[in-house]
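Side chains are part of it too, since the values below use all heavy atoms of this structure and drop only hydrogens, waters and symmetry mates. Throughout, protein chains are lettered first and strands after them, A, B, ... in sequence-line order, and every chain is numbered starting at 1.
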There are 2 protein chains.
Amino acid sequence: MSYETATDGPDLARARGSKKRTRIQAENEERILDAALEVFSRYGFRGATVDQIAERAGMSKPNLLYYFRRKHDLYTAVLTRTLDMWLAPLGDMTEDGDPESELTGYIRQKLEQSRDFPHESRLFIGEVLLGAPHLDSVLKTDLKSIVEEKAGVIRRWIEEGKLIDVDPVHLIFMIWATTQHYADFDAQVRSVLGRGVEDPTTFRAASDTVIGVLMRGILPTRD
Amino acid sequence: MSYETATDGPDLARARGSKKRTRIQAENEERILDAALEVFSRYGFRGATVDQIAERAGMSKPNLLYYFRRKHDLYTAVLTRTLDMWLAPLGDMTEDGDPESELTGYIRQKLEQSRDFPHESRLFIGEVLLGAPHLDSVLKTDLKSIVEEKAGVIRRWIEEGKLIDVDPVHLIFMIWATTQHYADFDAQVRSVLGRGVEDPTTFRAASDTVIGVLMRGILPTRD
DNA sequence: GAAGAATTTGTCCGGATGGTCAGAAGCTCG
DNA sequence: CGAGCTTCTGACCATCCGGACAAATTCTTC
């Protein structure tokens with residue numbers, strides 16, 4: 001005879017319809033997600049262990065598993081939370097306002113993201129590296145559509161003669177690549193420069209160079 | 001009583017001084033390294049299993065371990081082999097010849113590398129992502145020195161007025177980032193475009209955009 | 001063609017790790 | 001203050017995986 005009063009954990013309970021989150025739940029889930037982000041981004045999905053995450057979150061493994069029943073659930077949760085933030089700056093880029101300041105602003109935001117949220121960036125690239133098995137569908141829908149939308153904006157700027165003729169999608173790729181580089185390849189950057197982007201001097205040089213070269217590369221000549 | 005005629009495996013034998021490699025050794029080590037590259041680049045060090053690599057190499061796990069006694073040895077071997085190739089194009093860039101064709105050539109080579117050897121590129125980034133534990137020392141010596149050398153070349157070009165004033169090291173980072181993006185973020189590129197760089201049209205658009213924007217971004221105006 | 005070395009395999013081991021489970025402890029609210 | 005729910009834990013299990021080993025098989029060489 002099984003123990004009748006036992007529950008199935010907060011996730012399942014909520015999945016069944018009860019929508020309340022207790023104070024303890026909210027706190028712990030937050031702590032767990034933060035810990036998971038750090039560990040997953042550093043060691044990858046397989047490299048991370050549940051014990052490790054639990055320890056960093058300051059709780060026992062079974063207790064962590066009480067909140068997220070499978071390692072995989074936890075990973076997905078962190079990933080989803082991250083993707084939203086990752087995409088946010090692109091959404092800010094609007095057709096009003098001139099291309100120069102819009103694009104410069106976007107690039108700067110991405111660089112700041114790399115500096116301030118390297119874990120998120122690395123978590124994301126780690127997933128993509130593995131072929132994006134957990135968010136393939138999201139990439140093919142959400143990501144694709146926002147890229148297409150913004151590519152449209154850029155294309156209109158080009159038509160108006162405000163930018164030289166470049167492939168908008170590849171331009172976006174270039175922006176992503178050059179900005180994320182400072183988070184994703186942190187170890188490499190650090191080996192060569194002796195410091196990472198968190199160093200103000202490095203950040204300055206990086207943003208001047210990236211913004212300088214990219215903008216010069218796409219703005220019409222008018223010197 | 002142990003089996004007296006048993007050997008210690010080819011690697012150890014060679015490490016002890018005997019320099020011969022049998023035909024079988026050469027063939028198998030090659031097969032193993034190829035298999036290891038594919039598996040490691042796809043799943044990362046921890047994600048890859050020795051069984052998996054052995055299977056792909058068409059041999060049993062103990063037999064693979066006969067050639068590389070530890071998973072870690074195998075990983076290091078693949079990584080070293082890869083790093084050399086990864087750095088090669090940069091070495092080709094020489095101070096003679098004009099900056100435009102030298103840099104354009106370099107960028108094109110890196111793009112071709114991304115297209116033709118994506119596994120190598122991904123293996124490398126996977127390692128860097130994890131903080132480059134296995135090749136930290138190599139990065140801090142070999143990589144650092146070649147980057148500094150080439151930064152010097154670029155700096156001289158700038159002094160001669162052949163390039164605009166940019167930070168050479170960050171420029172090199174930009175080139176690496178934009179070119180490797182097509183290998184490392186393959187899954188993302190594919191989600192957005194529906195095809196990867198192996199597609200000639202995509203490759204064309206990518207190289208036109210990357211080379212176009214970067215070169216326009218650093219060459220002095222003369223329109 | 002046989003001695004001896006190189007290569008290959010089946011089997012096994014121990015540690016790590018994801019996940020389970022029964023119950024203990026803590027909260028909350030009447 | 002105590003019933004009933006939520007939260008937490010120690011102990012445990014099954015599986016996966018790197019690696020060891022002894023012996024079988026295949027090469028090489030004389």
Item to check | dT7(C) OP1/OP2 closer than 4.0 Å to side-chain N/O of Gln25(B) | outcome: yes
Checklist entry - dA20(D) phosphate, OP1 or OP2: any side-chain N/O from Arg70(B) under 4.0 angstrom? => result yes
Checklist entry - Across the strands shown, which category fits Ala54(A) at heavy-atom distances under 4.0 angstrom: base, sugar-phosphate, nothing? => result nothing
Grab the two heavy atoms, one from [X] and one from [Y], that are nearest each other, plus how far apart they are.
| X | Y | value |
| --- | --- | --- |
| Met85(A) | Glu120(A) | SD-CG, 3.7 Å |
| Ala48(A) | Val39(A) | CB-CG1, 3.5 Å |
| His181(A) | Ala177(B) | CD2-CB, 3.6 Å |

Item to check | Residue pairs, two or more places apart or on separate chains, that pass side-chain hydrogen bond (donor to acceptor under 3.5 Å, both in side chains) and touch residues 127-143 of chain A | outcome: His72(A)-His134(A), Tyr75(A)-Glu127(A), Glu127(A)-His134(A), Asp136(A)-Lys140(A)
Next on the checklist: If we ignore hydrogens and angles and just use 3.5 Å, is the side chain of Gln188(B) paired with the main-chain N or O of Phe173(A) as donor and acceptor?
Outcome noted: no
Next on the checklist: Counting distance alone, no hydrogens or angles: does the base of dG18(D) have a donor or acceptor under 3.5 Å from a partner atom on the side chain of Lys61(B)?
Outcome noted: yes
Checklist entry - Which one, dT8(C), dG18(D), dT20(C), comes nearest to the side chain of Asn63(B)? => result dT8(C)
Item to check | Closest to side chain of Ser60(B), choosing from dT8(C), dT7(C), dT9(D) | outcome: dT8(C)
Could you pull out the protein-nucleic contacts involving nucleotides 28-30 of chain D (nitrogen or oxygen on both sides, under 3.5 Å)?
| from | atom 1 | to | atom 2 | distance (Å) |
| --- | --- | --- | --- | --- |
| dT28(D) | OP1 | Arg23(B) | NH2 | 3.0 |

Next on the checklist: Is it the case that over 12 heavy atoms from other parts of the model lie below 6.0 angstrom from the CZ atom of Arg195(A)?
Outcome noted: yes
Checklist entry - To the nearest Å, how far apart are Tyr66(A) OH and dG26(C) P? => result 16 Å
